[in-house]
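Have a look at the structure below before the remarks.
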Amino acid sequence: MNIIEIIKNNDGAIVGKGATEKDIIEAEKELGLTFSKEYRDYLQAFGSALMNSHFLTGISKAAQMNVVFVTQRERKFNEDIPNNFYVIENTGLDGIVVWQDENGIIYSSSDNGIKEICDSLVEYLNKYSA
């Protein structure tokens, strides 16, 4: 399954309206990076989403769900985060933040450092949002 099917098939998912290509490019420019294809597909389809208590960042007017706002804020707290990482989710638990890089790899950061946790956003949602 791809990211769109995963979210659409989740009965409890709350999604926004899809982001435009212009909005996505603007967000990438503000962050100085390129989103993975998987994340771009998600943004185009939904903009942002809430799924099984996971607030996934995206293109949103709500600051706490806006990938640009949240990524810029979290970069200030953790200078070790590579510039090609953007926040997928701030879990709100024990300082854990979930990131994705332009290749689609998912990482978590906390006081214990940064570690790779999944190969894709699809894997992350399948593994952690069941």
Look up atom [atom1] in [X] and atom [atom2] in [Y], then write down how far apart they are to the nearest 0.5 Å.
{"X": "Ile81", "Y": "Arg75", "atom1": "CD1", "atom2": "CZ", "answer": "9.0 Å"}
{"X": "Asn103", "Y": "Lys37", "atom1": "CG", "atom2": "NZ", "answer": "14.5 Å"}
{"X": "Gln44", "Y": "Ile4", "atom1": "CD", "atom2": "CD1", "answer": "8.0 Å"}
{"X": "Asn83", "Y": "Asp101", "atom1": "CG", "atom2": "CG", "answer": "12.5 Å"}
{"X": "Phe46", "Y": "Ile59", "atom1": "CZ", "atom2": "CD1", "answer": "14.5 Å"}
{"X": "Ile117", "Y": "Lys115", "atom1": "CD1", "atom2": "NZ", "answer": "7.5 Å"}

Looking only at atom types and distance, does a side-chain atom of [X] sit under 3.5 Å from a main-chain N or O of [Y], one as donor and one as acceptor?
{"X": "Asn78", "Y": "Asp80", "answer": "yes"}
{"X": "Glu74", "Y": "Val70", "answer": "no"}
{"X": "Asn90", "Y": "Gly92", "answer": "yes"}
{"X": "Thr57", "Y": "Val87", "answer": "yes"}
{"X": "Glu5", "Y": "Asn2", "answer": "yes"}
{"X": "Gln100", "Y": "Ser36", "answer": "no"}

Counting C-beta onward and ignoring hydrogens, is there a side-chain heavy-atom pair between [X] and [Y] closer than 4.5 Å?
{"X": "Trp99", "Y": "Ser109", "value": "yes"}
{"X": "Ile88", "Y": "Leu56", "value": "yes"}
{"X": "Arg40", "Y": "Ile25", "value": "yes"}
{"X": "Val98", "Y": "Thr91", "value": "yes"}
{"X": "Tyr124", "Y": "Glu89", "value": "yes"}
{"X": "Leu125", "Y": "Ile3", "value": "yes"}
{"X": "Phe69", "Y": "Ser60", "value": "no"}
{"X": "Lys61", "Y": "Asn66", "value": "no"}

For Phe35, does the CZ atom have more than 12 heavy-atom neighbours from other residues, nucleotides or ligands under 6.0 Å away?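 Enclosed.
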
Residues, nucleotides or ligands: over 12 heavy atoms within 6.0 Å of Asn9 CG: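 More than 12 heavy atoms, drawn from other residues, nucleotides or ligands, come within 6.0 Å of this atom.
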
Hey, what's the ring geometry for Tyr39 with Tyr86, parallel, tilted or perpendicular (30° and 60° as the breaks)?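 Tyr39 and Tyr86: tilted rings.
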
Following the transitive rule for hydrophobic clusters with a side-chain heavy-atom cut-off under 4.5 Å over Ile, Leu, Val, Met, Phe, Trp and Tyr, establish whether [X] and [Y] coincide in one cluster.
{"X": "Leu43", "Y": "Met1", "result": "yes"}
{"X": "Leu121", "Y": "Val68", "result": "yes"}
{"X": "Val15", "Y": "Tyr42", "result": "yes"}
{"X": "Ile24", "Y": "Val67", "result": "yes"}
{"X": "Ile114", "Y": "Ile96", "result": "no"}

Results of side chain to side chain donor-acceptor pair (under 3.5 Å) for Lys29 - residues two or more places apart only: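 With sequence neighbours excluded, Lys29 shows a side chain to side chain donor-acceptor pair (under 3.5 Å) to no residue whatsoever.
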
Between Leu31 and Gln72, which heavy-atom pair has the shortest distance, and what is it?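 So the two residues come closest at CD2-CG, 3.9 Å.
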
For Ser110 and Asp94, which heavy atoms make the closest approach, and how far apart are they?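 Smallest interatomic distance, heavy atoms only, reads CB-O, 4.3 Å.
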
Might you work through the side chain to side chain contact (heavy atoms under 4.5 Å, CB included) test for Met51 and Ile6, ending with a clear yes or no? CA-CA 10 Å; Met51 184 175 138; Ile6 293 279; 3.8 Å; yes

Chi angles and distances behind the side chain to side chain contact (heavy atoms under 4.5 Å, CB included) call for Tyr107, Cys118: CA-CA 7 Å; Tyr107 303 84; Cys118 295; over 6 Å; no

